[in-house]
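Presented below is the structure to which this report refers.
Letters A, B, ... are given to chains in the order of the sequence lines, protein chains preceding strands, and every chain is numbered from 1.
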Amino acid sequence: MGMTMTQVILAKHAGLERVEVGQLIQAKLDIVLGNDITTPVAIRAMEQAGLEQVWDADRIAIVLDHFVPNKDIKAAEQSKQCRQFAQKHGIRHFYDVGKMGIEHVLLPEQGVVTAGDCIIGADSHTCTYGALGAFATGIGSTDMAAGMATGEAWFKVPSAIRVELTGTLPETCSGKDVILTLIGILGVDGARYQSLEFTGEGIASLSMDDRFCICNMAIEAGAKNGIFPVDDVTLAYLKGRSEREPVVYTAEPDAVYERTVTLRLSEMQPTVSCPHLPENTKAASALSQIRIDQVVIGSCTNGRMEDMETAYHILKGKHIADGVRCIIIPATMQIYRECVERGYVTAFIDAGAVVSTPTCGPCLGGYMGILAAGERCVATTNRNFVGRMGHTDSAVYLASPATAAASALTGYITAPSRKGVYI
Amino acid sequence: MKTQGTAFCYPDHVDTDVIIPARYLNTSDAAELAKHCMEDIDTEFVKQIQPGDVIAAGWNFGCGSSREHAPLVIKTCGVGCVIAKSFARIFYRNAINIGLPILECPEAAEGISAGDHVEVDFETGIITNHTTGAGYQAQPFPPFIRNIITKGGLLASLKKDSDHE
């Protein structure tokens, strides 16, 4: 039985020739990640266990991104704990205000993660890095602590669902519509404990930003990880960026998958996940009667440069609808700066939007855009659970940056008519 | 190793955002966080829960965010065991790592109603509903997980391993 791409990477990191589905393995890690919410818990766990040393200060990444710039005194204390820990141990990839970004956009951008890696992160959206051809999965703070101390983690080898992509996306759609459609098909636990392995000729036409967005939400189908094969697009992205040499792994030709789901990219349409589960997908065009109060464009799912570019082309020279608050959050300082230099920020402000420095803030109901009872938001974020963005009686509709920007202009959920040109 | 108490029942796909809303995650103090356990799905939970009580839930319990605060607040509230039809994988891992007993058993999750008196034996995986008289056999923990639990969690097991070196 041939191994899937995920299994090949896990076998290599466990020092084994082969691995089987369900096998328990101890794997060597390339990067261990934490943020300002999960790292303090990991620091305490290390202290309680008497673990005083980190395994490799160059292979740990700590990113302050959820509640920074500090939203209140308690958040400031948590940031301070992370900062002191990073200083004490000489953590090289420590990202504080001024150089931070949303972790899953920042680490690929800065070349900290690369193809062939085995990565754990105390954040469920760590699966994003599968877009680079890495095995990356979310874990909790105790696993982070153990990973920081030993450089290893145990895994149960997952089976896989193959997602075959064919054709090319229409102009109105992006990676977000692909992953929302897939979650609608699989359900929020349809890939539980499994890998989502993307294959097919349709991949070649997907940009890295599309691929990051697709892998980012693998967890919303319950998956352990999502993964793309490494191709010219991946290698071009990594060139001059990756601080370690990328390693290209491929699935074996006779790899065994539990099932195959085929998605025809050319048949995608702007898709929205309705409250209160990401699997509640509908065509954006079928929701045009739903009035909205807020739009959020940003997050680890859709705060990348292409997302900003899409929002710019739709919002420039227009004005958002009366009664709608539009919050745009470039995901890293580099993207933020690029938005300033390209004139996007001016266009967003002229359109009536606000532009924030990078933060996860509103996505998880932290700050910077909390919803009141009865309010509805179209967001490019990744979860629409009860109370996720604020009051338990508020509602979040997940959508692409194009759908979110178009909706901001009308005040109702609105499908973008043509990518970049909203009429 | 056993627990027994009153059952609190919840539906499918209980996510970690309702178990402990992110608006409270500006602290990692377990006792402080536990005051808000299950707040967004059941405001009565923290008022009624007694040590040893049991949560019985549907499919995919603990989906969503990887926050370890979720199993931690459930444990801190005194819950003796979570029984579910299935668990989301990060929650499952986190619960083991911090020593919150959890059992996958669709039949038991289906057969237990809110308020039932339930007993769980972790060694054998036997779940008894004393209210209805029904018994259920859950899969007991596999050896490697039992090893982590008996050593007092993942890090405690690491500590003991390193003490031997």
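- Interface summary for chain B: among A:R383, A:K71, A:E220, the most heavy-atom pairs under 4.5 angstrom belong to A:R383.
- Interface remark: A:D72 contributes side-chain atoms only to the contact with chain B (heavy atom separation under 4.5 Å).
- Only the side chain of A:I219 comes within contact range of chain B, judged by heavy atoms closer than 4.5 Å.
- Here OG1 of A:T142 is found 7.0 Å from CG of B:L154. Values are rounded to the nearest 0.5 Å.
- The two atoms that bring A:F67 and B:N26 nearest to each other are CE1-N, 3.9 Å, heavy atoms only.
- Taking both residues in full, the closest heavy atoms of A:R192 and B:N60 are given as CD-OD1, 3.5 Å, listed atom of the first, atom of the second, then distance.
- Interface remark: A:A122 contributes backbone atoms only to the contact with chain B (heavy atom separation under 4.5 Å).
- Within the 4.5 angstrom heavy-atom criterion, atoms from both the backbone and the side chain of A:S141 approach chain B.
- Inspection of non-hydrogen atoms places B:E32, B:D40 of residues 32-46 of chain B under 4.5 Å from chain A.
- A:K156 does not touch chain B: none of its heavy atoms, backbone or side chain, sits under 4.5 Å away.
- For the set A:N70, A:T126, A:T150, A:T137, the entry with the most heavy-atom pairs within less than 4.5 Å of chain B is A:T137.
- A side-chain donor-acceptor contact under 3.5 Å links A:R44 to the backbone of B:S28.
- For residues 360-369 of chain A, a heavy-atom distance under 4.5 Å to chain B picks out A:L364, A:G365, given by residue number.
- Counting only residues at least two apart or in different chains, side chain to side chain donor-acceptor pair (under 3.5 Å) contacts with residues 131-143 of chain B comprise B:N129-B:T132.
- Proximity to chain B (any heavy atom under 4.5 Å) is shown, for A:S79, by neither the backbone nor the side chain.
- Separation of atoms CG (B:N97) and CE (A:M144) is listed at 14.0 Å; rounding is to 0.5 Å.
- If you measure heavy-atom distances from A:I370 to chain B, you find no contacts under 4.5 Å at all.
- Ranking A:D143, A:T38, A:D123, A:I37 against chain B, the residue ahead of the rest is A:D143, based on heavy-atom pairs under 4.5 Å.
- In this structure, A:Q48 contributes its side chain and B:L155 its backbone to no donor-acceptor pair below 3.5 Å.
- The distance from the OG1 atom of A:T392 to the CG atom of B:D17 is 12.5 Å, given to the nearest 0.5 Å.
- The residue among A:A146, A:G222, A:P278 with the most heavy atom pairs within less than 4.5 Å of chain B is A:A146.
- The interface of residues 64-95 of chain B with chain A, defined by heavy-atom distances below 4.5 Å, comprises B:G64, B:S65, B:S66, B:R67, B:E68, B:H69, B:S86, B:F87, B:A88, B:R89, B:I90, B:Y92, B:R93, B:N94.
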